[in-house]
Q: 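Here you go, one structure.
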Amino acid sequence: MTLRVSLAIDQPLDLDASLDSGQSFRWRRDDAEPGAWLGVLEGRVVRLRRTRSGVEAEVEPEAGLSAEEIATRLTAYFRLDDDLPAIQRALAADPHVTAGIVVFPGLRILRQDPWEILAGFILSSTSNIPRIARTMELLASSLGEEARLGGVRRHAFPSPEAVAEAGEGRLRELRCGFRAAYLAAAADAVAAGRLPLHELRGAPYAEAAAALTALPGIGPKIADCVMLFSLDRAEAFPVDLWVRRALVDHYGLDPKLSYDSVREWAWERFGANAGYANQYLFWHIRQTRRPMIAAGLTQPLEP
DNA sequence: TAATAACCTCGCAA
DNA sequence: ATTGCGAGGTTAT
């Protein structure tokens with residue numbers, strides 16, 4: 001039997017919108033149970049489902065975690081300590097962000113593993129969500145530890161050490177393309193302690209940004225994604241193609257504006273929770289303009 | 001400082 | 001059918 005842990009919550013939480021909005025690449029819908037999701041957290045396969053009073057996690061009992069420890073991890077992962085309605089009220093002065101909030105009121109920013117997120121967004125360069133997800137799955141099945149939940153078999157995303165060990169050549173074989181060198185370099189830096197990701201959690205924005213962009217292949221956009229989705233920097237405002245389109249369309253922003261200028265503009269307009277505004281703008285325009293991309297996410301996994 | 005090309009791969013027709 | 005283009009960027013020129 002598997003272990004089921006329920007967590008009562010009084011915060012909005014939409015699993016679909018939170019796990020499938022481009023901030024995470026390794027969650028899959030559970031074909032066997034509508035509404036449920038399967039993922040790998042800290043090397044353990046987890047099934048998540050929304051319940052009337054909150055959220056329920058299902059893991060192998062051999063995982064060796066107490067119910068309390070699991071509840072603590074869920075709270076951290078979904079940032080349930082963030083008062084989302086308060087954040088949404090603070091952003092409500094903006095009609096375009098509000099439009100996103102209205103459609104996805106339970107979309108939360110996740111607090112994910114910094115290394116996995118760093119790797120994922122290195123792979124995102126000139127790519128697209130289905131392909132990033134595919135490549136990460138290939139890396140996991142090739143280099144990661146196997147994990148199970150009942151009959152479900154998945155693999156943990158490989159450690160920095162395992163990716164460093166694989167090296168650029170192997171990473172190219174695993175469909176990373178020109179990003180292979182960047183991923184290998186990042187894995188080296190993390191494994192060797194030159195990039196102390198966990199120490200950067202909660203570090204000042206400028207410090208975290210400088211440490212990340214010091215690595216090859218990591219510019220301001222990828223750094224912002226890592227800071228927003230894994231390093232507790234809710235003010236990070238990743239400006240990708242779609243966010244830029246949204247800003248140009250909705251606010252008449254000059255399309256040629258530099259990255260730094262857009263960031264300043266966002267901080268002035270949205271303040272400390274610019275990252276939440278970003279996510280609502282991003283996912284809303286994305287769902288509106290390119291509904292096909294989301295469908296691509298549910299394709300077959302492992303080779 | 002600002003523009004432009006190159007970089008792997010792959011799915012779809014902008 | 002098949003080719004060409006562009007996809008949640010970054011770097012080098």
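Reckoned from all heavy atoms, side chains included, excluding hydrogens, waters and symmetry mates. Remember, it's a predicted structure, so these values are computed and weren't measured experimentally. Proteins come first, then strands; the chains are lettered A, B, ... in the order of their sequence lines, and each starts at number 1.
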Q: Determine the contact category for A:Arg179: base if any of its heavy atoms lies under 4.0 Å from a base atom, sugar-phosphate if only primed atoms, P, OP1 or OP2 are that close, otherwise nothing.
A: base
Q: Please report, rounded to the nearest Å, how far the P atom of C:dA12 is from the CD1 atom of A:Ile218.
A: 14 Å
Q: Mark yes when over 12 heavy atoms from residues, nucleotides or ligands other than A:Glu168 sit less than 6.0 Å from its CD; otherwise mark no.
A: yes
Q: Measuring only the C1' atom in each nucleotide, how far is B:dA14 from C:dA7? A whole number of Å is fine.
A: 12 Å
Q: Need the pair for C:dG6. Rule: Watson-Crick or G-U wobble, both distances under 3.5 Å, any strand; none if unpaired.
A: B:dC10
Q: Could you check whether A:Cys225 gets within reach of a base, just the sugar-phosphate, or nothing at all, counting any heavy atom under 4.0 Å?
A: base
Q: Is there a path of hydrophobic side-chain contacts, each under 4.5 Å between heavy atoms of I, L, V, M, F, W or Y residues, that connects A:Leu149 with A:Leu3?
A: no
Q: Figure out the CD1/C1' separation between A:Ile285 and C:dA7, and round it to whole Å.
A: 15 Å
Q: Give a yes or no on whether A:Ile132 and A:Ile218 share a hydrophobic cluster (residues Ile, Leu, Val, Met, Phe, Trp, Tyr; joining criterion: side-chain heavy atoms under 4.5 Å apart).
A: yes
Q: Both conditions, 6.0 Å and 45 degrees, for the charged tip of A:Arg245 above the ring of A:Trp242: are they met here?
A: yes
Q: I need the CH2-P distance between A:Trp242 and C:dG9, as an integer number of Å.
A: 11 Å
Q: Could you tell me how far B:dC8 sits from C:dT2 if I compare only their P atoms? Round to whole Å.
A: 27 Å
Q: Is the shortest side-chain N/O distance from A:Arg131 to OP1 or OP2 of C:dG6 below 4.0 Å?
A: no
Q: A:Asp224 and A:Tyr259: side-chain donor and acceptor closer than 3.5 Å?
A: yes
Q: Nearest to the side chain of A:Ser125 - C:dA7, C:dG9, B:dA3?
A: C:dG9
Q: Whole angstrom is fine here: how far is it from CZ in A:Phe282 over to C1' in C:dG9?
A: 14 Å
Q: Tell me: CG of A:Leu215 to P of C:dG9, nearest whole Å?
A: 19 Å
Q: Check the distance between B:dA2's C1' and A:Tyr259's OH and give it to me in whole angstrom.
A: 19 Å
Q: Can a donor-acceptor pair be found between the side chains of A:Glu58 and A:Thr2 at a distance below 3.5 Å?
A: yes
Q: For C:dC5 and B:dA5, measure between their P atoms and round to the nearest Å.
A: 13 Å
Q: Which whole-number value in Å describes the distance from A:Leu171 CG to B:dC8 C1'?
A: 13 Å
Q: Go nucleotide by nucleotide along DNA chain C from the 5' end; which of A:Pro216 and A:Ile132 gets its closest nucleotide reached first?
A: A:Ile132
Q: Taking the same atom, C1', in B:dC10 and in C:dT11, what whole-Å distance lies between them?
A: 23 Å
Q: Phosphate oxygens OP1/OP2 of B:dC10: is one of them under 4.0 Å from a side-chain N or O of A:Arg134?
A: no
Q: Given atom CG of A:Asn128 and atom C1' of B:dA14, what is their separation to the nearest angstrom?
A: 14 Å
Q: Whether the side chain of A:Arg175 and the base of B:dT9 hold a donor-acceptor pair under 3.5 Å is what I'd like checked.
A: no
Q: Check the geometry between A:Phe178 and B:dC8 and answer yes if their rings are stacked (centres below 5.5 Å, planes below 30°), otherwise no.
A: no
Q: In whole angstrom, give me the gap between the P atoms of C:dA1 and B:dT9.
A: 26 Å
Q: Report which part of the nucleic acid A:Gln23 touches: base, sugar-phosphate, or nothing (heavy-atom distance under 4.0 Å, all strands).
A: base
